Visitor: 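Below you will find the structure I want to go over with you.
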2 protein chains.
Amino acid sequence: MNFDPLIMKPKLTLKQIARELDVSVSTVSKALRDSPEISDETRQKIQAFAKLYNYKPNNIALSLKNRRTRTIGLVLPEIVHDFFATVITGVEEVANKRGYNVLICLSNNSFDREVMNLEMLANGSTDGFILSVAKETQQKGDYHHLQEVISQGMPVVMVDRVVNEIICDKVIIDDSDGARDAVQHLIDNGCRRIAIITTVDYISVGKLRTEGYLRALRGNDVELDEDLILKIEDVDNSHEAISQFLGAREIDGVFAVNEQFATSAVKALLNKGLSVPEDVLVFSFSDGELSRRFIPSLSTVNQHGADMGAKAAELLIDRIEKTVTDEEYQTAIVKTSLVERESTQKRKKATV
Amino acid sequence: MNFDPLIMKPKLTLKQIARELDVSVSTVSKALRDSPEISDETRQKIQAFAKLYNYKPNNIALSLKNRRTRTIGLVLPEIVHDFFATVITGVEEVANKRGYNVLICLSNNSFDREVMNLEMLANGSTDGFILSVAKETQQKGDYHHLQEVISQGMPVVMVDRVVNEIICDKVIIDDSDGARDAVQHLIDNGCRRIAIITTVDYISVGKLRTEGYLRALRGNDVELDEDLILKIEDVDNSHEAISQFLGAREIDGVFAVNEQFATSAVKALLNKGLSVPEDVLVFSFSDGELSRRFIPSLSTVNQHGADMGAKAAELLIDRIEKTVTDEEYQTAIVKTSLVERESTQKRKKATV
DNA sequence: TTGTACGCGTTATCAC
DNA sequence: GTGATAACGCGTACAA
């Protein structure tokens, strides 16, 4: 046992300070908040004591009293994708700037986990939350848990993987336009037989990116060959599927809807004896470390994840603090931008 | 305005249920907790009502009453590294399994942010936290904020980037051994002039990995050439430094302490006209998506981030729940393992 | 200038 | 079997 305050000083409460200095709790409270009601002498005595023992008000008590936690929730399907990691960064930055904590929950793309996450967050732990819907949830199409918390008056902002049926603030990117621009870029650089490696259609963003691909082909009178469309169901074992797919087809361009698919594609093309970008141009989606550092570095559609996260946090906190005068729900669209790198810059073939 | 409960049902409290059913608050509380004191009739009536309107107890009130939040904090220096992302996954999984939420704060490697984060987490929001120290904090060597919260009785577990001066539970990997094994592997495969690309020494893990490199050289009577050691200060602009360094030296092996350095090294070697692994073998540290998908895929020392996070969460929650009978603080060492990939598998040179 | 009383939502204890 | 009361820590309206 050691009572030396430098060694062991348990958390202080107002009550303890009051007892120690022989005043009432409310006097301490007022003194610490610089109330003019309290005499200079008392105030200074109390403040000095509080500082010495490093008094900090208890957040939980404040939350209960004020009926607000100054905490926002963030529910993500996964995190080992650079994209979601950057979303966290954006959310966290804005939240902290505006005095909020961020409570992160991972659904691991599981519907049940997502339901549990929402229940937790809605039980008073947070003032509202940001959600990117789990894959399984999009597949099931069951959104009652979302409807539930929203009907309880909890502000919700959906980001990236959104659900049209649910009415709330949303932050998305122009997936379709971004994809169209990328494919347009391939066409402009001479590609005519462009394969797309995408996800199954129930993933909202995969579907939209496929649409963009189709639009680009149509807009340039490039013939659509259904055989050049690969829709991946199982992302974890996608490499083999991509390898077979590309091995059996004559193409001069690839558009992949994420970095994983793009790198698999490059590898498959190399194995086939082709060069990127000399023989085949490759465009990726979702700008992360992988695209930047890959050899050849990958041209990508930048999703600006941090911007999306930041925007989502702004929308949410505005909603929480009711500074949104207009009651209408917003759908903010963050513009993508193309980042051109080596994988689409044709070098002179002869000199290689 | 719409009072249809299916459209809008604000959160219920015990008090509201009590008023609605004309009983007392304590009766409601007991009925919902299946207390035998309450008659079947009353109990069923109350439970039915609570279920219909989806009553859930308020977490904040429970936290205040029980003096425990069932929330743990996680303070990380950055997140766009696969390693820390996997740590989050591990922490989150264990925490959820044991009924805890995870509050994530990013220090962005800033000392000030870290201090703020700790203050927030220590003000009642969490029952304890896991911390990986910010770069700037290690540089300053100022740990009073950590000492502070620990002396308040808040359980703390440090992970990966730990501080020896602070006494608490820790989870680290055998950085030095992992590095030694990697370099040993290079030596076993014929390398004699092995460069190391590492961080400045105030980063604890960088220093340890450098030690492992030195031990491997000594253990094999490979001459140490100080000129083959590159210590990076500014990670963001490391590529240029690495390029110059490798460009000017004759080497047959590279050991890099992270994926970023390793990929920069490969690129620099290619630019120099060398092949990996034909001319130079490259071993990396920290097994992430980048290493797996890079071409050539990179041999790495796997840090098992998810395991480290899981272990840290176990230690922390044990400490919180006082199931640790032994009062001694533990330092758990998660073993690294070598993952051998293309970057160190010498193919027959002639056939290339 | 200081202290008392109340309420945030919950549960435990005790009285009826 | 049910209800009133106190307590968790805080802030504030109001009373002294």
Side-chain angles (χ1 to χ4, degrees), chain A residues 10-47 49-50 53-71 119-120 122-127 152-154, chain B residues 10-47 49-50 53-71 119-120 122-127 152-154:
Chain A
K11 284 241 85 167
L12 271 189
T13 67
L14 288 187
K15 194 192 285 186
Q16 286 160 9
I17 300 180
R19 200 178 319 150
E20 207 67 38
L21 298 183
D22 206 36
V23 290
S24 80
V25 173
S26 57
T27 302
V28 179
S29 174
K30 286 171 187 163
L32 291 179
R33 322 193 91 241
D34 277 325
S35 162
E37 294 179 31
I38 304 299
S39 71
D40 265 14
E41 192 194 5
T42 314
R43 190 167 49 70
Q44 282 169 17
K45 181 179 65 176
I46 291 175
Q47 289 189 351
F49 187 91
Y53 289 96
N54 197 31
Y55 169 79
K56 292 275 163 45
N58 180 311
N59 261 332
I60 297 294
L62 286 180
S63 294
L64 185 60
K65 175 137 197 54
N66 302 330
R67 276 115 142 263
R68 50 187 319 221
T69 61
R70 296 199 81 88
T71 298
E119 280 185 1
M120 284 217 160
N123 285 344
S125 310
T126 61
D127 298 336
Q152 287 175 0
M154 173 90 24
Chain B
K11 284 243 86 169
L12 271 189
T13 66
L14 289 186
K15 193 192 283 187
Q16 286 160 10
I17 299 181
R19 200 179 317 150
E20 207 67 39
L21 298 183
D22 207 37
V23 289
S24 79
V25 173
S26 39
T27 302
V28 177
S29 174
K30 286 171 186 164
L32 292 178
R33 323 192 89 238
D34 278 326
S35 161
E37 294 179 33
I38 305 298
S39 72
D40 267 14
E41 194 194 4
T42 314
R43 189 167 48 71
Q44 283 169 18
K45 182 180 66 178
I46 292 175
Q47 289 190 351
F49 187 91
Y53 289 97
N54 197 31
Y55 168 80
K56 293 273 164 48
N58 181 313
N59 262 332
I60 297 295
L62 288 180
S63 293
L64 184 60
K65 177 128 196 61
N66 302 330
R67 278 112 142 261
R68 53 188 315 222
T69 60
R70 296 200 79 90
T71 298
E119 280 184 359
M120 284 217 159
N123 286 343
S125 309
T126 61
D127 298 337
Q152 286 174 2
M154 174 91 22

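Naming convention: chains lettered A, B, ... in sequence-line order (proteins, then strands); numbering from 1 in each chain. Source: prediction; values computed, not measured.
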Visitor: Using 0.5 Å steps for rounding, measure from the OG1 atom of B:Thr71 to the CD1 atom of A:Ile60.
Guide: 7.0 Å

Visitor: Quick check for you: to the nearest 0.5 Å, what is the distance between A:Gln16 atom CD and A:Glu20 atom CD?
Guide: 8.5 Å

Visitor: Is there a side-chain contact between A:Leu21 and A:Val28 (heavy atoms, below 4.5 Å)?
Guide: no

Visitor: If you take atom types as modelled and just measure distance, does the side chain of B:Ser26 reach the base of D:dA4 with a donor-acceptor pair under 3.5 Å?
Guide: yes

Visitor: Going 5' to 3' on DNA chain C, which nucleotide is the first and which the last to come under 4.0 Å of a heavy atom in chain A?
Guide: C:dT1 to C:dG9

Visitor: Taking CG from A:Leu32 and C1' from D:dG11, how many angstroms apart are they, rounded to a whole number?
Guide: 12 Å

Visitor: Could you grab the distance from atom OG1 of A:Thr13 to atom CG of A:Asn58, nearest 0.5 Å is fine?
Guide: 9.0 Å

Visitor: Are any of B:Ser39's side-chain N or O atoms less than 4.0 Å away from OP1 or OP2 of D:dT2?
Guide: yes

Visitor: How long is the span from the OG atom in B:Ser29 to the CD1 atom in B:Ile38, to the nearest 0.5 Å?
Guide: 9.0 Å

Visitor: Whole angstroms only, please: what is the CD-P distance between B:Gln44 and D:dT2?
Guide: 12 Å

Visitor: Given atom CD1 of A:Ile38 and atom C1' of D:dG11, what is their separation to the nearest angstrom?
Guide: 13 Å

Visitor: D:dG1 C1' sits how many Å from B:Ile46 CD1, rounded?
Guide: 11 Å

Visitor: Using a heavy-atom cut-off of under 4.0 Å over every strand shown, decide if A:Ser63 touches base, sugar-phosphate, or nothing.
Guide: nothing

Visitor: Any chance you could measure A:Ile17, atom CD1, to A:Gln47, atom CD, to the nearest 0.5 Å?
Guide: 10.5 Å

Visitor: Quick test: give all pairs of protein nitrogen or oxygen and nucleotides 8-10 of chain D nitrogen or oxygen below 3.5 Å, distance rounded to 0.1 Å.
Guide:
from: D:dC8; atom 1: OP1; to: A:Lys15; atom 2: NZ; distance (Å): 3.4
from: D:dC8; atom 1: OP2; to: A:Lys15; atom 2: NZ; distance (Å): 2.8
from: D:dC8; atom 1: O3'; to: B:Arg67; atom 2: NE; distance (Å): 3.0
from: D:dC8; atom 1: O2; to: B:Lys65; atom 2: N; distance (Å): 3.4
from: D:dG9; atom 1: N2; to: A:Ala61; atom 2: O; distance (Å): 3.4
from: D:dC10; atom 1: OP1; to: A:Tyr55; atom 2: OH; distance (Å): 2.7
from: D:dC10; atom 1: OP1; to: A:Asn58; atom 2: N; distance (Å): 3.2
from: D:dC10; atom 1: OP2; to: A:Leu14; atom 2: N; distance (Å): 2.6

Visitor: Taking the side chain as every heavy atom from C-beta outward, state whether A:Leu12 and A:Asn54 have any pair of such atoms under 4.5 Å apart.
Guide: no

Visitor: Between CG of A:Leu62 and CZ of A:Arg68, what distance do you get to the nearest 0.5 Å?
Guide: 11.0 Å

